[in-house]
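Along the sequence shown, residues are numbered consecutively beginning with 1. This is a predicted model, so every value here is computed, not measured. Atoms within a ligand are numbered from 1 in the order they appear, just like the ligands themselves.
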Amino acid sequence: MSILAIIGGTGLDALNVLHVDKREVINTPFGEPSGPVTRGDLFGQEVLFLPRHGYNHNLPPHQVNYRANLWALREAGADSILAVAAVGGIRADMGPGRLVIPDQIVDYTWGRPSTFFEHNFDGESKPVTHIDFTEPYCEELRQCLLKAAFAGNISIVDGGTYAATQGPRLETAAEIERLERDGCHLVGMTGMPEAALARELTLCYACCAVVANWAAGKSSGIITMADIEKNLKSGMKQVSDLLESLLSFR
Ligand code: HPA
């Protein structure tokens, strides 16, 4: 039986609908994950859960130990990962509260440990490996999510290019215009290196992006944390509905 792990993003530091069996502290060769991995029952299925920013939401996007998180989830038995992530909407149909299942990524992050394939990390010499990343998300899981949304009558956008920015600050209006010219449709701070690391570990990884705000310059006024939190609250209710639908026919 394959095990799905859910990585919770901002607004999903706890999965209230999860019946917790245990919390597993897992040490990895790459340091500590964001917290213990929670194992439990979600709508009748065994799942794993890890809040990306920690159970107290104290790790900013550039300080998340992405390698330790993915390593720990694989150690705990996950073979598929659903990454839930808050984003800013750039394209007109990606307004606050929408769910998007992206299908492409442009990576603007820097300085984050972004590969498991490093010389000598475990004292062994390994040949250089280049993963294929033409399609950065697992199409099988993407399709399951789209089917689940359809079956559960949950409105969702199929596809879109995710711009992964460094953060933790939000972007300038000019930066968002540039991302748009680059072909990006939504912007978040955690999509990379998470997706690439999952591919390196041959985990099936897809993202459910929850639009928290219009990206900078796409609406009048400034972006406030209060607005982000309000939109995420309604978005996360839809994520919970989506999970229920997904797990009922998985
Ligand atoms: N930009 C980057 N990351 C985000 C945003 C945004 O506007 N909103 C939520 N995460």
J.: R23: which residues meet the side chain to side chain donor-acceptor pair (under 3.5 Å) condition with it, sequence neighbours left out?
T.: T38
J.: Using the side chain to side chain contact (heavy atoms under 4.5 Å, CB included) definition, which of the options I81, L70, N69 pairs with L197?
T.: L70
J.: What are the polar N/O contacts of ligand 1 with the protein below 3.5 Å, with distances?
T.:
| unit_1 | atom_1 | unit_2 | atom_2 | d |
| --- | --- | --- | --- | --- |
| ligand 1 | 1 (N) | E171 | OE1 | 2.8 |
| ligand 1 | 1 (N) | E171 | OE2 | 3.4 |
| ligand 1 | 7 (O) | N213 | ND2 | 3.0 |
| ligand 1 | 8 (N) | G88 | N | 3.4 |
| ligand 1 | 8 (N) | N213 | OD1 | 2.7 |
| ligand 1 | 10 (N) | A86 | O | 3.4 |

J.: Under a 4.0 Å threshold between the charged nitrogen and the carboxylate oxygen, would R67 count as salt-bridged to E118?
T.: yes
J.: Would you please indicate yes or no on a ring centroid separation below 6.0 angstrom for F116 and F30?
T.: yes
J.: List, one per line, each side-chain donor-acceptor pair under 3.5 Å for residues 205-214, sequence neighbours excluded.
T.:
| unit_1 | atom_1 | unit_2 | atom_2 | d |
| --- | --- | --- | --- | --- |
| Y205 | OH | E194 | OE1 | 2.6 |

J.: Show me the pairs that pass salt bridge (Lys or Arg N to Asp or Glu O under 4.0 Å) and involve residues 95-114, at least two apart or across chains.
T.: none
